[in-house]
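After the structure tokens below, expect a handful of questions from me.
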Amino acid sequence: MAHAAVPTAAQLSHYIPDLEPACKFCSTVIQTSDANDDPGTLESENIAHYFWACPRIRDFWQRVSRFLQDIRTETAGPVFQVDLRMVATGFGAWSKRLPNVDALHGLAVWEIYRARAELSLEGTTHSGEAMFIRWKLSLMQRINQDFIYAFTQLKAAHSFHNRWLMVSNRWYHFDPGENELSGKHLKRVFNSDL
């Protein structure tokens, strides 16, 4: 994102004259208007809009923020709220309060890119809620894949523990206990209420 490597409509409109620089994701939702009832213009799809300012994307980030705040076992301290800086740089500042912040952030950014690509390629529009559900399912899949790899390759068990178990949370746990890393008898349990 920092290098503007994602081709937004605003960037592409410089090279493709017929391409509108408006965001295709929210063109039916966002229009600015003035007091003279001028319909205004559609919001331009620049990199900040692409990953943050688009109303569907903002809805997605709000859902992510609420979910990550809800899974925290530690309620003292600041409330987790994604902002534009965090979208661009990651959730690193929260590494002591949330598990595997790199995966949480990376899969969220990937979900936005994926939803926009599906709109461009297939004409499929996803709501913020649909993107959030897919993000959460992707996280569950990632945790499960990491878990299986960690215990088929025993040297990866420590890394798995550091990424997913070092910070406790209310979303998932491993039975018969987090500290018993023997592998074969552990069961992954996700809290479906969150």
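As the structure is a computational prediction, the values presented were derived from the model and not from experiment.
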Item to complete: Answer yes or no: is there a side-chain heavy-atom contact under 4.5 Å between I143 and W171?
Response: yes

Can you list, pair by pair, the side-chain donor-acceptor contacts under 3.5 Å of residues 107-114, counting residues two or more places apart and other chains?
from, atom 1, to, atom 2, distance (Å)
E111, OE2, R134, NE, 2.8
E111, OE2, R134, NH2, 2.7

Worksheet item: Are F132 and L194 connected in the hydrophobic side-chain network, where two residues link if heavy atoms are under 4.5 Å apart?
Response: yes

Item to complete: Working to the nearest 0.5 Å, report the span between CG of L139 and CG of N144.
Response: 11.0 Å

Worksheet item: Is the side chain of S65 donor-acceptor paired with the backbone N or O of V82 at a distance under 3.5 Å, no angle test?
Response: yes

Fill in: Ring centers of F80, F91 separated by less than 6.0 Å
yes

Discussion item. Once rounded to the nearest 0.5 Å, what's the spacing between atom OG of S168 and atom CG of L98?
Written reply: 10.5 Å

Item to complete: Please round to the nearest 0.5 Å and tell me the distance separating atom CD of Q145 and atom CD of Q141.
Response: 4.5 Å

Discussion item. Run the salt bridge (Lys or Arg N to Asp or Glu O under 4.0 Å) test against D70 and tell me which residues pass, sequence neighbours left out.
Written reply: none

Worksheet entry | K136 side, atom NZ; I71 side, atom CD1 - distance, nearest 0.5 Å | 9.5 Å

Item to complete: Please report the closest heavy-atom contact between R58 and A53, naming both atoms and the distance.
Response: CG-O, 3.7 Å

Worksheet item: Nearest heavy-atom pair of C54 and R116: which atoms, and what distance?
Response: CB-NH2, 3.3 Å

Worksheet item: Is there a donor-acceptor pair under 3.5 Å between the side chain of R56 and the backbone N or O of F25?
Response: yes

Fill in: is_close_aromatic(W135, F67), centroid dist under 6.0 Å
yes

Worksheet item: For the atom pair OH (Y149) and CG (D146), what is the distance rounded to the nearest 0.5 Å?
Response: 10.0 Å

Worksheet, complete the sentence: Distance col, row I57:CD1 vs D59:CG, nearest 0.5 angstrom, shows 9.0 Å

Worksheet item: Looking at P78 and Q69, what are the two nearest heavy atoms and their distance?
Response: O-OE1, 4.2 Å

Worksheet item: Would you call the rings of W52 and W61 parallel, tilted or perpendicular, where under 30° means parallel and over 60° means perpendicular?
Response: tilted

Worksheet item: Any chain of hydrophobic side-chain contacts (each under 4.5 Å) joining V167 to F160?
Response: no

Fill in: Quiz item: cation-pi between R97 and W94, 6.0 Å / 45°
yes

Worksheet item: Can you find a pair of side-chain heavy atoms, one from Y172 and one from P99, that are under 4.5 Å apart?
Response: yes

Practice prompt. Specify whether H161 and H158 have parallel, tilted or perpendicular ring planes, treating 30° as the upper limit for parallel and 60° as the lower limit for perpendicular.
Written response: parallel

Practice prompt. Could you note down all residue pairs passing side chain to side chain donor-acceptor pair (under 3.5 Å) where residues 119-132 supplies at least one of them, sequence neighbours left out?
Written response: E118-H126

Discussion item. For N191, is there any backbone N or O sitting under 3.5 Å from a side-chain donor or acceptor partner on H173?
Written reply: no

